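Following: one structure in structure tokens, then a few remarks.
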Amino acid sequence: MLEIQRIRAEKDALVKGLLKRNIQAESTLDEILAKDVEWRAAKTDLDNIAAEMNQLARSIGDLFKTGKQAEAASLKERTAGLKVKEAALKSTVDKLEDEITKLLYTLPNVPNELVPSGRDVNDNETVYEQGATPTFGFDALPHWDLAKKYNLIDFELGVKVTGAGFPFYRGKGAKLQRALIQFFLEEASKDGYEEIQAPLMVNEASGIGTGQLPDKEGQMYYMKEDDFYMIPTAEVPLTNIYRDVILPGPDFSIKMCGYTPCFRREAGSYGKDVRGLNRLHQFDKVEIVRVEHPSNTAQALEDMMEHVKGLLDKLGLQFRILRLCGGDMGFASAMTYDFEVYSAAQEKWLEVSSVSRFDTFQANRLKLRFKDADKKSQLCHTLNGSALALPRIVAALLENHQDENGIVIPEALRPYTGFDRID
RNA sequence: GGAGAGUUGGCAGAGUGGUCGAUUGCGGCAGUCUUGAAAACUGUUGAACCGCGAGGUUCCGGGGGUUCGAAUCCCUCACUCUCCGCCA
């Protein structure tokens, strides 16, 4: 959520920035500012009346103590009128606050200056590419065929036991999952991220903190009896560790990582995009999350990119990095890099990681602050990224490392799998 | 699931209707002393909002109520702890 102070101070810049998302925000911002002026006026009046009432109450107390009942009674009468006024102003103030907050919730984050304007995936900027498309002397199979052929993943069994999008991984398929998780976690640890095991369900306040709520509750599985939400990503519990936290000083850099299954309802998805591992309701992911001083955010984002690059490099996958255009970025992001691996058999790019900086957008909701050198509270910056999401990595590994008799496990992964081939 | 007890500032913990945003201790910060540190002593130390400022307002788990006045009384919800039951 954008800060009201920022809208007061730099409305024009925000309008310009949001244009990159193809959002005409001027009228909304003007409406917010108009309500803000109204709110401040009403708030001042309310405060003054409250001050007057406090004063009267004190006087009445004194009069009672000194036995001047009659005078006290006459003062009491004066408070009656004030009470009515106070109630009216209070409801005006509350209403305005509510309206302003609702409007603020509708506004996405303002893109960083590096973000290109644009409408959709076609306007994304490729900033890096590595690796070559593998060539096969035979008909390369898509991963769902490979998974069946080598008995790695059973989608139909998942449908029987739960439903579509909840596959079973078996044998070497299951071991490969476990190896990847272990590999990703170890690599993150080497880069200084603290490993954390987090709850897989969160409460409503946490959902609001990271921006899943309100509005996007349809994307999360919900436990009605207990009012819990299944996490769609480890970002939610990890970032919410720092909800309502004020860090004591300006010198901090918090790096966390965690493996969790992720649960997504994916309402509205359909067609070939959901084939095989491309889109699941439950999948595994290692997430990296950072809380940074605003002056360190740009560097932190670059560090995270390098980390993810290292992972894909070690897995021997062809990949590219895109800087997303305004229209393709997530709601809370100020800048996002997407990592895509090339799926040789499907002949298309698959998104395997998304690394984003949110600046103060999440921190404002979370009330995550630090004390600067002047002991003043300032909002922290948050960042996060997948490092990495498993399903599409598995898809790419199977497809790109296949030969006629099986699948070759990349060197870096062998210490974790304990085998070098699937066949 | 049953019964009971709680929820107060970074932590511990007072406070049962009137200058209480809150005694005190610990912790933090600053200073005195010291070559330096520790100890001791002194001072200081919650957050948000409005205001150029002076200052004002709000917050004692959340919400509502009683009252001139609520941390304190009432209602309600949430959460935590203890004991019993069940159980990985």
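Each chain gets a letter, A, B and so on, in the order the sequences are listed, and its residues count up from 1. Because the structure is a prediction, the values reported are computed rather than measured.
- With rounding to whole Å, A:N364 atom CG is found 13 Å from B:A48 atom C1'.
- Checking A:E3 against A:N364 by side-chain atom types alone, no donor-acceptor pair falls below 3.5 Å.
- Going from atom CD1 of A:I100 over to atom C1' of B:C49 covers 12 Å, rounded to whole Å.
- Between A:F370 atom CZ and B:G10 atom C1' there is a gap of 19 Å when expressed in whole angstrom units.
- The environment of CZ in A:R78 is sparse: at most 12 heavy-atom neighbours from other residues, nucleotides or ligands sit within 6.0 Å.
- Residue pairs meeting the ring-ring contact (aromatic ring centres under 6.0 Å, His included) criterion with at least one member in residues 75-108 of chain A: none, sequence neighbours excluded.
- Nucleotides B:C75 and B:G25 place their P atoms 36 Å apart, quoted to the nearest Å.
- As judged by a 4.0 angstrom heavy-atom cut-off over every strand, A:E204 is placed among residues making no nucleic acid contact.
- Rounded to an integer number of Å, the gap from A:K376 NZ to B:A48 C1' is 13 Å.
- If you check B:C68, B:C50, B:C49 against the side chain of A:I60, the one that comes closest is B:C68.
- B:U32 and B:G55 are spaced 29 Å apart, taking the P atom of each and rounding to whole Å.
- The phosphate of B:G28 has neither OP1 nor OP2 within less than 4.0 Å of any side-chain N or O from A:K375.
- Base pairing analysis places B:C60 opposite nothing; no Watson-Crick or G-U wobble pair with both distances below 3.5 Å involves it.
- As rounded to the nearest Å, B:G17 and B:U72 have P atoms that lie 12 Å from one another.
- Salt bridge A:E26/A:K11: present, at least one basic N to carboxylate O contact under 4.0 Å.
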Mind listing the side-chain donor-acceptor pairs of residues 299-306 of chain A below 3.5 Å, one per line with the distance, residues two or more places apart or on another chain?
residue	atom	partner	partner atom	Å
A:Q299	NE2	A:D303	OD1	3.0
A:E306	OE2	A:K309	NZ	3.2

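- Base pairing annotation: B:C87 forms no Watson-Crick or G-U wobble pair, as no partner gives both donor-acceptor distances under 3.5 Å.
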For residues 149-162 of chain A, which side-chain N or O atoms pair as donor and acceptor with protein atoms under 3.5 Å away, sequence neighbours left out?
residue	atom	partner	partner atom	Å
A:Y150	OH	A:G406	N	3.1
A:D154	OD1	A:E156	N	3.2
A:D154	OD1	A:L157	N	2.9

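- Tested against A:I254 for a side-chain contact (heavy atoms from CB on, under 4.5 Å), the candidates A:T382, A:V289, A:L247 yield a single pass: A:L247.
- Using the Watson-Crick or G-U wobble rule with both distances under 3.5 Å, B:G10 pairs with B:C26.
- Around the CZ atom of A:R170, the shell of radius 6.0 Å holds no more than 12 heavy atoms that belong to other residues, nucleotides or ligands.
- Judged purely by atom type and a 3.5 angstrom limit, A:H143 uses its side chain to pair as donor or acceptor with the backbone of A:L277.
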Protein N or O to nucleotides 69-72 of chain B N or O, pairs below 3.5 Å:
residue	atom	partner	partner atom	Å
B:G69	OP1	A:K83	NZ	3.4

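- Scored by the ring pair (Phe, Tyr, Trp, His ring centres under 6.0 Å) test, A:Y221 finds no partners at all (sequence neighbours excluded).
- Taking atom NZ of residue A:K367 and atom P of nucleotide B:C49, one finds them 10 Å apart after rounding to whole Å.
- Atom CD1 of A:I246 and atom C1' of B:G28 are 14 Å apart (whole Å).
- Rounded to a whole angstrom, the distance from the P atom of B:A14 to that of B:G9 is 13 Å.
- In this structure, A:R78 does not reach the B:C68 phosphate: none of its side-chain N or O atoms is under 4.0 Å from OP1 or OP2.
- Taking the side chain as every heavy atom from C-beta outward, A:F419 and A:I409 approach each other to under 4.5 Å.
- Nucleotides of RNA chain B nearest to A:R8 and A:L56 differ in position, and the one nearer the 5' end is that of A:R8.
- Partners of A:F358 under the ring pair (Phe, Tyr, Trp, His ring centres under 6.0 Å) rule, at least two apart in sequence or in another chain, do not exist in this structure.
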(request) Would you give a per-nucleotide map of nucleotides 74-79 of chain B, 5' to 3', where B means the base has a protein non-hydrogen atom under 4.0 Å away, S means only the sugar-phosphate does, and - means neither? (result) ------
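- When the P atom is used for both B:A54 and B:A37, the distance is 36 Å, rounded to whole Å.
- Distance alone, capped at 3.5 Å, is enough to place a donor-acceptor pair between the A:K255 side chain and the A:D191 backbone.
- As a whole-Å value, the separation of A:F64 CZ from B:G17 C1' is 12 Å.
- Remark: the separation of the C1' atoms in B:C33 and B:A39 is 11 Å, to the nearest Å.
- Separating the C1' atom of B:A71 from that of B:G13 is a span of 14 Å, rounded to the nearest Å.
- A:R369 has no side-chain polar atom (N or O) that falls below the 4.0 Å cut-off from OP1 or OP2 of B:A47.
- Backbone-only contact: A:S377 has heavy atoms under 4.0 Å from sugar-phosphate atoms and none from a base.
- Shown here are the side-chain hydrogen bond (donor to acceptor under 3.5 Å, both in side chains) partners of A:T92, two or more places apart in sequence or in another chain: there are none.
- Listed by chain and residue number, A:Y222 satisfy the ring pair (Phe, Tyr, Trp, His ring centres under 6.0 Å) test with A:Y229 (two or more places apart in sequence, or in another chain).
- Taking a pair to require two hydrogen-bonding distances under 3.5 Å in either a Watson-Crick or a G-U wobble arrangement, B:C41 pairs with B:G31.
- Between the side chains of A:S354 and A:D338, at least one donor-acceptor pair of N or O atoms lies under 3.5 Å.
- With a cut-off of 3.5 Å on both Watson-Crick or G-U wobble distances, the partner of B:A3 is given as B:U82.
- Of the two residues near RNA chain B, A:D94 and A:I4, the one whose nearest nucleotide lies more 5' is A:I4.
- Taking atom C1' on both nucleotides, B:G64 is separated from B:A78 by 14 Å, rounded to a whole Å.
- What separates CD of A:E71 from P of B:C68 is a distance of 18 Å, to the nearest Å.
- A:F64 pairs by the ring pair (Phe, Tyr, Trp, His ring centres under 6.0 Å) definition with nothing, not counting sequence neighbours.
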(message) Return a single string for nucleotides 54-61 of chain B, one symbol per nucleotide in 5' to 3' order, where B is base contact, S is sugar-phosphate-only contact and - is none, cutoff 4.0 angstrom on heavy atoms.
(response) --BSS---
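- Sorted by residue number, the list of members of residues 194-203 of chain A with any non-hydrogen atom under 4.0 Å from RNA chain B is empty.
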